[in-house]
Amino acid sequence: MTIMGKSKVLVVGGTGYIGRRIVKASLEQGHETYVLQRPDIGLEIEKVQMLLSFKKQGAHLVEGSFSNHQSLVDAVKLVDVVICTMSGVHFRSHNLMMQLKLVEAIKDAGNVKRFLPSEFGLDPALMGHALEPGRVTFDEKMTIRKTIEDANIPFTYISANCFASYFVGNLSQMGTLFPPQDKVVLYGDGNVKVTYMDEDDVATYTIKTIDDPRTLNKTIYLRPPENILTQRELIEKWEKLIGKQLDKSTLSEQDLLSSMKGFDIVGQVGVGHFYHIFYEGCSANFEVGGEQEASKLYPEVQYTRMDEFLKLYV
């Protein structure tokens with residue numbers, strides 16, 4: 001039975017990096033939660049075990065395939081809210097455009113009160129100037145948005161900025177996810193503000209929005225004030241934790257951009273995104289009204305500060 005007033009939720013991409021956190025947050029916040037079980041999971045045992053663990057926690061598994069339109073429609077008809085978390089990053093599986101099939105199913109089902117497409121990063125509406133080849137991520141997200149809005153599907157877009165496990169644990173160094181012990185590279189002067197988010201908090205805030213009339217047909221920014229830090233401030237937090245200073249070198253804008261030539265497409269996408277985040281400051285260089293900022297909408301959420309997050313790595 002659905003708890004009074006709480007929407008039933010379908011998570012598509014539930015075994016993924018953000019998806020599994022969304023499933024957990026949905027269950028924790030008392031929503032009847034369905035997870036799409038796709039036949040193409042094949043022999044990926046970790047994903048199978050994760051689905052079974054969701055089931056054990058009270059989620060329902062519902063079969064559906066992107067190559068079977070009716071199966072998607074049937075899955076969507078079971079719920080009020082659909083959240084898609086399919087990957088849009090090139091070093092994992094980049095399949096954002098598959099969501100067009102999901103949008104078609106939502107349109108045909110006709111019952112969905114809210115759709116949250118796979119966003120969870122920088123706001124693509126502000127990234128029209130992004131560098132090639134990395135701009136494909138933003139362009140595709142905008143294509144999905146246009147399709148949703150043309151179909152009059154009620155939506156919420158979540159802009160969660162920079163995931164802490166990818167940008168904080170490594171002090172924003174490329175090519176590693178652990179913090180450097182001796183030397184660290186600063187992007188430019190290291191004084192550009194960046195918004196960092198703990199991934200579990202991303203999920204918590206996301207689920208908070210789904211039944212909130214204030215977030216209907218809006219972009220909600222996850223920008224808790226204490227998590228907007230410069231790279232230097234981030235490094236200082238780490239230095240304080242380990243009790244020593246790191247040797248700092250500087251990477252100029254020109255050097256970063258010219259390094260792109262030596263990379264494959266995955267590397268080039270990454271470098272372009274780093275440029276926009278650490279030189280332009282695209283995650284924090286614009287104003288957001290209180291009615292669109294998650295920590296103001298949901299002050300009850302005790303979000304993780306980055307010095308807390310870094311303690312994991314000491």
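Basis for what follows: all heavy atoms, side chains included, without hydrogens, waters or symmetry-related copies. All of these numbers come straight from a predicted model, not from anything done at the bench.
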_Closest non-hydrogen atom pair between Ile148 and Phe155, with its separation_ = CG2-CB, 4.0 Å

*Hey, is the main chain of Lys47 close enough, under 3.5 Å, to the side chain of Glu44 for a donor-acceptor pair?*
no

*Does atom CD of Glu287 have more than 12 heavy-atom neighbours, drawn from other residues, nucleotides or ligands, at distances under 6.0 Å?*
no

*Can you tell me if Gln245 uses its side chain to pair, donor with acceptor, with the backbone of Glu239 under 3.5 Å?*
no

*Side-chain heavy atoms of Asn161 within contact of Ile277, under 4.5 Å*: no

*Starting at SG of Cys162, measure out to CG of Leu122 and round the result to the nearest 0.5 Å.*
6.0 Å

*Please tell me if the side chains of Gln268 and Glu132 come closer than 4.5 Å, counting only heavy atoms from C-beta onward.*
no

*Say whether, by atom type as modelled, one donor and one acceptor occur between the side chain of Glu63 and the main chain of Ser71 under 3.5 angstrom.*
no

*Any chance you could measure Thr15, atom OG1, to Arg20, atom CZ, to the nearest 0.5 Å?*
8.5 Å

*Knowing that exactly one of Val103, Asn217, Thr147 qualifies, which makes a side chain to side chain contact (heavy atoms under 4.5 Å, CB included) with Ile153?*
Val103

*Give, for atom SG of Cys84 and atom CD1 of Ile144, the distance between the pair rounded to the nearest 0.5 Å.*
8.5 Å

_Ring geometry between Tyr275 and Tyr279 (parallel below 30°, tilted from 30 to 60°, perpendicular above 60°)_ = parallel

*Do Lys240 and Asp307 have side-chain heavy atoms sitting under 4.5 Å apart?*
no

_Any side-chain heavy-atom pair of Asp211 and Gln29 under 4.5 Å_ = no

_For the residue pair Arg305 and Phe309, would you count it as a cation-pi contact if the rule is NZ or CZ under 6.0 angstrom from the ring centre and within 45 degrees of the ring axis?_
no

_Note: Glu28-Lys24 ion pair, threshold 4.0 Å (strictly below)_ = yes

*Just how far is it from atom NE2 of His276 to atom OG of Ser283, taken to the nearest 0.5 Å?*
12.5 Å

*asked:* Please tell me whether Phe138 and His129 form a close aromatic pair, meaning their ring centres lie under 6.0 Å apart.
replied: no

*By ring pair (Phe, Tyr, Trp, His ring centres under 6.0 Å) - contacts of Phe286 (at least two apart)*: Tyr221

*Would you name the heavy atoms of Thr206 and Leu116 that are closest together and state the gap between them?*
CG2-CD2, 3.6 Å

*Can you tell me if NZ on Lys248 sees more than 12 non-hydrogen neighbours from other groups inside 6.0 Å?*
yes

*asked:* Counting only heavy atoms from other residues, nucleotides and ligands, does the tally under 6.0 Å from NZ of Lys55 exceed 12?
replied: no

*Is the shortest heavy-atom distance from the side chain of Gln49 to the side chain of Ile45 under 4.5 Å?*
yes

_Geometric class of the Tyr205/Tyr298 ring pair [parallel <30°, tilted 30-60°, perpendicular >60°]_ = tilted

*Shortest non-hydrogen contact between Arg145 and Pro124, atoms and distance*: NH2-CD, 3.4 Å

*asked:* Please check if the number of heavy atoms outside Lys244 that lie under 6.0 Å from its NZ is greater than 12.
replied: yes

*Thr209 and side chain to side chain contact (heavy atoms under 4.5 Å, CB included): which partner among Leu222, Thr215, Leu216, Leu297?*
Thr215

*Does one side chain, of Asn170 or Thr176, offer a donor that lies under 3.5 Å from an acceptor on the other?*
no

*Audit row: Glu104, Lys101, salt bridge (Lys or Arg N to Asp or Glu O under 4.0 Å) steps and yes/no*: CA-CA 5 Å; Glu104 276 304 303; Lys101 294 184 174 180; over 6 Å; no

*Asp123/Arg223 salt bridge by N-O under 4.0 Å criterion*: no

*So, Ser165 and Glu199: side-chain donor and acceptor under 3.5 Å apart, yes or no?*
yes

*So does Gln57 have more than 12 non-hydrogen atoms from other groups sitting under 6.0 Å from CD?*
yes

*Examine distances only and state if a side-chain atom of Ser159 and a backbone atom of Gly121 form a donor-acceptor pair shorter than 3.5 Å.*
yes

*Sequence neighbours left out, what passes salt bridge (Lys or Arg N to Asp or Glu O under 4.0 Å) with Asp139? Give chain and number order.*
Arg135

*asked:* Consider ring pair (Phe, Tyr, Trp, His ring centres under 6.0 Å). Of Phe120, Phe178, Tyr17, which one does Tyr166 pass it with?
replied: Tyr17

_Donor-acceptor pair, distance only, cut-off 3.5 Å: does the side chain of Thr33 make one with the backbone of Lys8?_
no

*Locate the shortest heavy-atom distance separating Met197 from Ala160; write the atom from each residue and the value.*
CG-O, 3.3 Å

*NZ/NE/NH1/NH2 to OD/OE distance under 4.0 Å, Lys183 and Asp247*: no

*Is there a donor-acceptor contact under 3.5 Å from the side chain of Asn191 to the main chain of Thr230?*
no

*asked:* Taking the basic N atoms (NZ, or NE/NH1/NH2) and the acidic carboxylate oxygens, is any pair closer than 4.0 Å for Lys218 and Glu291?
replied: no

_Looking at every non-hydrogen atom in both residues, tell me the closest pair between Phe54 and Val35 and how far apart they are._
CD1-CG2, 4.0 Å

*If every non-hydrogen atom of Leu171 is compared with every non-hydrogen atom of Gln231, which pair is closest and at what distance?*
O-NE2, 3.4 Å

